[in-house]
K.L.:
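Structure provided below as structure tokens; questions to follow.
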Number of protein chains: 2
Amino acid sequence: MASKQKTKFAVLGLLTWKPMSGYDIKKMVDVGLSHFWNENYGQIYPTLEQLVRDGMATKKEKRITGQRQRFVYAITRKGQRAFSDWLSEPTDAPIVRNELQLKFFLSCKLPADQSVRLINEYRAQQQGMLDEYRQSENVLRQAIRDETYPDDLSRIFEIANSSDKSRAVHCNIFLLTLRHGIHAIEARLAWCDEVLENLSR
Amino acid sequence: MASKQKTKFAVLGLLTWKPMSGYDIKKMVDVGLSHFWNENYGQIYPTLEQLVRDGMATKKEKRITGQRQRFVYAITRKGQRAFSDWLSEPTDAPIVRNELQLKFFLSCKLPADQSVRLINEYRAQQQGMLDEYRQSENVLRQAIRDETYPDDLSRIFEIANSSDKSRAVHCNIFLLTLRHGIHAIEARLAWCDEVLENLSR
DNA sequence: CCAGTATATATCAAACTGATATATCATGCA
DNA sequence: TGCATGATATATCAGTTTGATATATACTGG
């Protein structure tokens, strides 16, 4: 198999922001990238080891007194080059796995109320996600406008960086990618309405 | 591990339409479900065997003279029940892996023209897909309106079913799920414009 | 009659997933 | 003070999934 190893570049990319531990990386992905990406420990830790072996990252134990053992990884020049090369390579089209679409598609021979039920559940699920995203959006917009970084965000930025200027940049990129997620959900909701109308005819 | 085995239900669901071979199933997924699902032979053939072992499908060799060996699988009562049960179970939220979003996110510290280049490429890629989808949409809409099924579609429906009434139902479900894909792409294009505007400020 | 393509089944190493095991430190509260 | 709960942190692994490839037959046009 040709292998894609996107994880490698995701990790490398995050390390260009600042040195991190495997745990930090996981949290970063879960908090900030979850609507378009995911990684898991089973992938992160071996990748980190591999990066060290390939000379793309260095591993250092950071034991702050009275704190748990931490291994912090930093990107090397070679790693930066590999990351940069990857950015210029052709980008795969988005990959989607939508279980609802599958169920809906496969139910077309069944009574219509079955399909309506599926759509209504999907609608509710997506609306719930939209509410959450909108809340995050408001927090981010306010932070950017006021140049203040409330507790909700401090956690993320503690990891991501320190300086106020970096915070602004980070807030902005979080907001921009979140907007992608919001657009995607709104599209799904619009589709639900369209289908519901089609089914009621 | 708890195992998901969605493939099992995807296969079962397609077999509720009509008996098919592994090859048929793969083609069906590639042609009609590709914008929200994918399966591969490495998953389909073992799943088919497993379904037979579990008494959820039957395997029959259909050797039409002068044609290649074919194993056609049909769903059993037990299989139908399993499929029906799955439909009622909670549905996973859509899973997305968007490499462009990842690159864009990770590039926020680099010069803005890098980001602009990424977005422009994404835009072009998505616009290309939209053109294809729109073309399929037109074919499907025309087929439904005129109750005629042109060559483009005959291939799909040869697999999917025979009667004209079933064709209409199939055309409709293909159209409805295709609409989901179109909404999704339009949302991505709208996001591109939004970001481009943000970056130029 | 031959090359290229479509049909069709099958397999496998490599990669990925999600859950779990282990351990340390912080916090509140009874 | 002790003790449950939760956050921090690293690590592993069985079970799943992926994508590529091997094999073979039939069809199609030049």
Side-chain angles (χ1 to χ4, degrees), chain A residues 1-11 19-31 34 37-52 57 59-73 92-93 95-97 99 102 151 154-156 158-159, chain B residues 1-11 19-31 34 37-52 57 59-73 92-93 95-97 99 102 151 154-156 158-159:
Chain A
M1 200 191 155
S3 102
K4 295 176 299 176
Q5 279 177 237
K6 308 280 185 200
T7 302
K8 180 176 155 181
F9 300 106
V11 168
M20 294 189 206
S21 70
Y23 186 77
D24 291 340
I25 288 167
K26 170 70 169 146
K27 205 162 52 170
M28 190 70 159
V29 172
D30 285 351
V31 170
S34 60
W37 205 258
N38 62 74
E39 294 294 351
N40 47 273
Y41 291 127
Q43 204 65 8
I44 289 170
Y45 285 108
T47 298
L48 246 13
E49 289 306 316
Q50 196 210 304
L51 287 176
V52 172
K59 179 181 188 175
K60 233 178 238 170
E61 182 166 5
K62 278 249 168 83
R63 182 153 221 155
I64 299 158
T65 35
Q67 265 189 19
R68 215 203 165 294
Q69 162 193 256
R70 270 170 66 83
F71 296 103
V72 174
Y73 295 82
D92 285 355
I95 295 161
V96 180
R97 214 166 211 236
E99 193 181 353
L102 181 65
D151 278 359
S154 66
R155 234 341 166 335
I156 300 165
E158 203 176 338
I159 297 165
Chain B
M1 196 197 156
S3 100
K4 294 176 299 173
Q5 280 177 234
K6 307 280 185 200
T7 302
K8 179 177 156 182
F9 300 106
V11 168
M20 293 189 207
S21 70
Y23 185 76
D24 291 340
I25 288 167
K26 170 71 170 146
K27 204 163 52 171
M28 190 71 157
V29 172
D30 285 350
V31 170
S34 60
W37 204 259
N38 63 72
E39 293 294 351
N40 47 272
Y41 291 127
Q43 203 66 7
I44 290 170
Y45 284 108
T47 298
L48 247 11
E49 290 304 317
Q50 197 212 303
L51 287 176
V52 172
K59 179 180 187 175
K60 233 178 237 170
E61 182 167 5
K62 277 249 168 81
R63 181 151 222 158
I64 299 160
T65 37
Q67 265 193 19
R68 218 202 162 293
Q69 162 194 254
R70 268 169 68 84
F71 296 103
V72 175
Y73 296 82
D92 285 355
I95 296 159
V96 179
R97 218 170 207 231
E99 193 181 353
L102 182 66
D151 279 0
S154 67
R155 231 351 168 325
I156 301 166
E158 204 177 340
I159 297 166

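Below, chains carry the letters A, B, ... as their sequence lines are ordered, and counting in each starts from 1.
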K.L.:
Can you tell me how far P of C:dA26 sits from CZ of A:Arg70, to the nearest Å?
P.N.:
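Result: 14 Å.
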
K.L.:
Using atom CG of A:Asp30 as one end and atom P of C:dT17 as the other, report the distance to the nearest whole Å.
P.N.:
12 Å

K.L.:
Got a sec, which residues hit ring pair (Phe, Tyr, Trp, His ring centres under 6.0 Å) with B:Tyr23, two or more places apart in sequence or on another chain?
P.N.:
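Expected list: none.
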
K.L.:
Tell me what A:Gly42 touches on the nucleic acid: a base, only sugar-phosphate, or nothing, going by heavy atoms under 4.0 Å.
P.N.:
base

K.L.:
For DNA chain C, whose closest nucleotide is more 5', that of B:Val72 or that of B:Arg97?
P.N.:
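Whichever sits nearer the 5' end wins; that is B:Val72.
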
K.L.:
So B:Ile44 and B:Val29, do their side chains get closer than 4.5 Å, heavy atoms only?
P.N.:
no

K.L.:
Return the 5'-most residue of the pair B:Glu39, A:Glu49 with respect to DNA chain D, ranking by each residue's nearest nucleotide.
P.N.:
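Nearer the 5' end of the strand: A:Glu49.
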
K.L.:
Choose from D:dG19, D:dT8, D:dT17 the nucleotide whose nearest atom is closest to any side-chain atom of B:Gln5.
P.N.:
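Nearest to the side-chain atoms of B:Gln5, counting from C-beta on, is D:dT17.
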
K.L.:
Would you please confirm or rule out a distance under 4.0 Å between OP1 or OP2 of C:dA15 and any side-chain N or O of A:Lys4?
P.N.:
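No, no such contact exists.
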
K.L.:
Counting any heavy atom closer than 4.0 Å, what does B:Tyr41 reach on the DNA or RNA strands: base, sugar-phosphate only, or nothing?
P.N.:
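Base contact - B:Tyr41 has a heavy atom under 4.0 Å of at least one base atom.
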
K.L.:
Would you check, one step at a time, whether the test salt bridge (Lys or Arg N to Asp or Glu O under 4.0 Å) holds for A:Asp92 with A:Lys6?
P.N.:
CA-CA 11 Å; A:Asp92 285 355; A:Lys6 308 280 185 200; 3.4 Å; yes

K.L.:
Starting at atom NZ of A:Lys6, determine the distance to atom C1' of C:dT17, rounded to an integer number of angstrom.
P.N.:
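Taking NZ of A:Lys6 and C1' of C:dT17, I get 18 Å after rounding.
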
K.L.:
Rounded to whole angstrom units, what separation is found between the CD1 atom of B:Ile95 and the P atom of D:dT17?
P.N.:
11 Å

K.L.:
In whole angstroms, how far is the C1' atom of D:dT18 from the CG atom of A:Asp92?
P.N.:
13 Å

K.L.:
Quick check on C:dT7: is either OP1 or OP2 less than 4.0 Å from any side-chain nitrogen or oxygen of B:Lys27?
P.N.:
yes

K.L.:
In terms of side-chain heavy atoms of A:Asn38, which of D:dT8, D:dT18, C:dT17 is nearest?
P.N.:
C:dT17

K.L.:
Name the closest nucleotide to the B:Tyr23 side chain, picking from C:dA10, C:dT7, D:dA11.
P.N.:
C:dT7

K.L.:
Of the nucleotides C:dG18, D:dG19, C:dA8, which one has an atom closest to the side chain of B:Asn40?
P.N.:
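The nucleotide sitting nearest to the side chain is D:dG19.
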
K.L.:
Side chains of A:Arg70 and A:Asp24: does their closest heavy-atom pair fall under 4.5 Å?
P.N.:
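Counting from C-beta outward, A:Arg70 and A:Asp24 do come under 4.5 Å.
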
K.L.:
Heavy atoms under 4.0 Å, any strand shown: does A:Gln69 hit a base, just sugar-phosphate, or nothing?
P.N.:
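If one applies the 4.0 Å heavy-atom cut-off, A:Gln69 turns out to touch the sugar-phosphate alone, with no base involved.
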
K.L.:
CG of B:Asp30 to CG of B:Asn40: how many Å apart, nearest 0.5 Å?
P.N.:
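If we round to the nearest 0.5 Å, B:Asp30:CG and B:Asn40:CG are 9.5 Å apart.
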
K.L.:
With sequence neighbours left out, which residue pairs that include part of residues 38-52 of chain A fulfil the salt bridge (charged side-chain N to carboxylate O under 4.0 Å, His left out) condition?
P.N.:
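Salt bridge (charged side-chain N to carboxylate O under 4.0 Å, His left out) check on residues 38-52 of chain A returns A:Glu39-B:Arg97, A:Glu49-A:Lys59.
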
K.L.:
Can you tell me how far P of D:dT16 sits from CD1 of B:Ile44, to the nearest Å?
P.N.:
17 Å

K.L.:
From C-beta outward on B:Tyr45, which listed nucleotide comes closest to its side chain: D:dT16, C:dT9, D:dG19?
P.N.:
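Of the options given, the side chain of B:Tyr45 lies nearest C:dT9.
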
K.L.:
Is the shortest side-chain N/O distance from B:Thr7 to OP1 or OP2 of D:dT16 below 4.0 Å?
P.N.:
no

K.L.:
Mind calculating the distance between CD (A:Gln43) and C1' (C:dA14) to the nearest angstrom?
P.N.:
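Atom CD in A:Gln43 sits about 11 Å away from atom C1' in C:dA14.
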
K.L.:
Nearest whole angstrom, please: distance from the P of D:dA9 to the CG of A:Leu48.
P.N.:
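Distance, rounded to whole Å: 14 Å.
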
